[in-house]
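Values reported hereafter were calculated over all heavy atoms of this structure, with side chains retained and with hydrogens, waters and symmetry mates removed. Note that this is a predicted model, so its numbers are computed, not measured.
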Amino acid sequence: MKKLKLGYAPTRRFVFSAEDAFKYKVLIREKIQNFGLDIDIVDLEGINSEGLLYDDNINADLIINRFKQEEVDAVFFPHCNFGTEDTVARVGKALGKPVLLWGPRDEAPLEDGMRLRDTQCGLFATGKVLRRFNVPFSYVTNTRVNDPVFERGFSNFISAANVVRQFRSLRILQIGPRPSSFWTMMCNEGELLERFGIELHPITLVDIQRATKRIENGQSSELAQAMDYIKEKLDWSEVTEADVRRIASLKVAMKQYAEQTGSTAIAIQCWSSLQEAMGIMPCLANAILTDEQIPVTCETDIHGAITSVMVQAAAMNEAPTFFADLTVRHPENANGELLFHCGNFPVSLSVENKPKLRKHFLFDDHAPGTHEGEIKGGGMTLARFDGDHGDYQLFLGKAKGIQGPYTRGSYVWVEVNDWPLWEEKLVKGPYVHHSVGIHANVIPALYEACSYIPGLTPDPVDPTESEIQAWLRGKGL
């Protein structure tokens, strides 16, 4: 995954101190470089003598051209004094990328009563003009450069921008149609393309079967590496060497198809035709690919695949997701729930040093290929992109891992703030029994990303919308 590119366009206005604006341009750049975010910064150096955006239409055109040529994914307009609102709006409108507004808090007036910046006043002006230009934007409270609120808001914006850039280039490899009995997995392919630009690349189970067989009969280094990984990371004593080889071959085949088609996620018909045709379950192959940041969803869940890409992007692709059924309530905890699937959770999340590679425990054929065991708990985000009747929402909620009884498959028991409220919201829709989890707090970033995705409404259950907004303003620091 390429690094996110941020356009850095510090702005000033002629009526306030150019020297002070230049000073803050440097201070802010140094600060964001020290936040530890893995991003590339494209600045304005060389466009004019100051490397600042100010009231000059020629500068606006030059800035637009630079940012377009560099293919920036988002733009940050720190107001280093009052700022030039019309030029900021022109640049933001021309680029069509997520925009962040913020400015350093003004110092006290000088002894003679003069003020050097009036940054806050400029932010009021720019916000209004961006609205006139129909440019959506994010805003961080006017704070000092070293204030934790600035770091929190800036980092959250970068994560949100990463969600937007990956959402806007989404292509999903669809392996087989949905299982016939899973009406919940219906999706509107045409609407996804028309409304969000999301593309599906469908192939048949015969296609993946042939590719798997070709790889299985060969001696590629990719196959050898996949087999070595399985043998090193899992207890495979319940299956055969031939089973390991075929599971690894399926993993390699899916990855090759994803790379050849430019797909960033996969949705596969995991039962029952595949195991009848190939003699294995795809669960472990799905788990390994998800660990490699190519999330794979079961039962041809296209909306689940979309969710998975958004969630891992919100974590800056630094943590794997896991794709789970919402299954049963905890036998003792009224707010507890079991997150489970047959055996597809990433191996890196396992509690055991060597989780088991097993045969499926539900289907009559008991085909091998499930990665079973409990995964780690801790704090996590649960999310679901879904829709019907032309309306799309993004369910968002936080959970924490808790103790619970042993069960087969890959699983984790979690506790939420008010499970009956969650249950009612999930049942009444537009959601289904599938969710995507990640061991990170990415709710504010996903919430913010929705403001740049027309037609997608955030639907947070915990924290609430007002609590997310308060958190971004510094509550809880």
(Q) Before you tell me yes or no, could you show the steps for Y54 and F14 under ring pair (Phe, Tyr, Trp, His ring centres under 6.0 Å), namely the whole-Å CA-CA distance, both residues' side-chain angles and the distance that decides it to 0.1 Å? (A) CA-CA 8 Å; Y54 47 84; F14 68 95; over 10 Å; no
Q) Is there a donor-acceptor pair closer than 3.5 Å between any side-chain N or O of Q312 and the backbone N or O of Q293? A) yes
Q.
Check this for me, if you would: do R329 and E337 make a salt bridge, where the nitrogen-to-carboxylate-oxygen distance has to be below 4.0 angstrom?
A. no
Q: Salt-bridge test for E71 and K5: reply yes if a basic N is under 4.0 Å from a carboxylate O, no otherwise.
A: no
Q: Evaluate the criterion salt bridge (charged side-chain N to carboxylate O under 4.0 Å, His left out) for residue pair D20 and R117; output intermediate values, then yes/no.
A: CA-CA 8 Å; D20 219 50; R117 296 188 293 116; 3.4 Å; yes
Q: Could you verify whether a donor N or O on one side chain and an acceptor N or O on the other, from Y431 and D459, lie under 3.5 Å apart?
A: yes
Q. Pick one: which of R13, R131, K128 meets salt bridge (Lys or Arg N to Asp or Glu O under 4.0 Å) with E85?
A. R13
Q: Answer yes when R144 and D147 have at least one side-chain N-carboxylate O distance shorter than 4.0 Å, and no when they do not.
A: no
**Q.** Working for salt bridge (charged side-chain N to carboxylate O under 4.0 Å, His left out), residues D301 and R384
**A.** CA-CA 11 Å; D301 185 352; R384 174 73 188 181; 2.7 Å; yes
Q) Out of F340, F395, F323, F385, which residue meets the ring-ring contact (aromatic ring centres under 6.0 Å, His included) rule with H434? A) F323
(Q) Would you call the rings of F322 and F345 parallel, tilted or perpendicular, taking 30° and 60° as the class edges? (A) tilted
Q. Hey, which of K25, K23, R12 is the one that makes salt bridge (Lys or Arg N to Asp or Glu O under 4.0 Å) with E50?
A. R12
Q: Mind listing the closest non-hydrogen atom pair of V351 and K376 along with its distance?
A: CG2-N, 3.6 Å
Q) Can you check whether F157's main-chain N or O pairs, donor with acceptor, with S159's side chain at less than 3.5 Å? A) no
